[in-house]
Amino acid sequence: MPSYSNIVILTGAGLSAESGLATFRDKGGIWARYDYREVATPQGFVKNPSLVHEFYNMRRRDLLGVQPNEAHRAIARLEREFSGSVLVVTQNIDNLHEAAGSRNLIHMHGELLKAMCAYCEARHSCREDLSTETPCPACGHTGGMRPDVVWFGEMPYHMERIVDAIGEADLFISIGTSGNVYPAAGFVEIAGSAGAHTVELNLEPSDGASHFAEAIHGPATSVVPAFVEELLAS
């Protein structure tokens, strides 16, 4: 394997699925059971905030009962032991990367264990249920607290920083992504155009698999630790 100095890793729901968290777009996934327009849009929150809170409260409780898997731990190990730079960009709103030890991390879709106030835009750690009666710890208003997650129709966080980092990478790895959610689905083309080697590690070929120079398919808990081991050995 060639030597690299600057790695960017994109992770998606398929990575955390092996810890027991539900994916969104797979058969039987979250969007097969819920209408995203009702629970994951600003309009849905205005129309029925109690339903939105119920949806995310349930997901937050589920998250607090799971642990990072071997793939999360392998990525954290790569960050610790690699001689160059490793940046993880995750589409996941869980905290499993942090729990595994990752520190150089961008949550482009926000974090389930944080809440944001619609009035003052302050962000706070949040492990408890939210409701329309939850006061903002900063401004004291009630009715404006919402999960600090990016909903449909909202701009993902830190896009400028992400695109700049991908443009400087010499290795871009996509793990557990569907390849059909933009803007993340377009990151491989940005990386490839900038000269990076691009690798897909996924349970099965994603919708964007043809854009990658290399693909390894199988369970993340198997293929990710093996790939990290090879990277570190080189």
Using the ring-ring contact (aromatic ring centres under 6.0 Å, His included) criterion, which residues pair with H53? Sequence neighbours excluded.
F45

Would you check if the side chain of S19 reaches a backbone N or O of L21 as a donor-acceptor pair within less than 3.5 Å?
no

Contacts of Q91 that satisfy side-chain hydrogen bond (donor to acceptor under 3.5 Å, both in side chains) - sequence neighbours left out
none

Can you list every pair that meets side chain to side chain donor-acceptor pair (under 3.5 Å) and has a residue in residues 74-84, with sequence neighbours left out?
R77-E81, R77-E229

side-chain contact (heavy atoms from CB on, under 4.5 Å) with V149: which residues, sequence neighbours excluded?
Y56, I93, P147, W151

What residues form a ring-ring contact (aromatic ring centres under 6.0 Å, His included) with Y4, not counting sequence neighbours?
none

What residues, two or more places apart in sequence or in another chain, satisfy ring-ring contact (aromatic ring centres under 6.0 Å, His included) together with H97?
H72

Taking transitive links into account, so neighbours of neighbours count too, which hydrophobic residues share a cluster with M108 at under 4.5 Å side-chain distance?
V8, L10, L87, V89, I106, M155, M159, I162, V163, I166, F172, F187, V188, I190, F212

Does any N or O in the side chain of N92 come within less than 3.5 Å of the main-chain N or O of A13, such that one atom is a donor and the other an acceptor?
yes

Between I173 and L231, is any pair of side-chain heavy atoms under 4.5 Å apart?
yes

Residue set satisfying side-chain hydrogen bond (donor to acceptor under 3.5 Å, both in side chains) with T198, at least two apart, ordered chain then number -> none

Would you mind writing out the side-chain donor-acceptor pairs for residues 130-139 within the sub-3.5 Å range, not counting sequence neighbours?
residue : atom : partner : partner atom : Å
S131    : OG   : E133    : N            : 3.0
T134    : OG1  : S131    : N            : 2.9
T134    : OG1  : S131    : O            : 3.2

List in chain and number order the residues that pass side-chain contact (heavy atoms from CB on, under 4.5 Å) with D148, two or more places apart in sequence or in another chain; answer none if no residue qualifies.
K114, M116, R123, Y157

Pairing residues for H141 by the ring-ring contact (aromatic ring centres under 6.0 Å, His included) criterion, not counting sequence neighbours:
Y119

Qualifying ring pair (Phe, Tyr, Trp, His ring centres under 6.0 Å) pairs with a residue from residues 213-234, counting only residues at least two apart or across chains
none

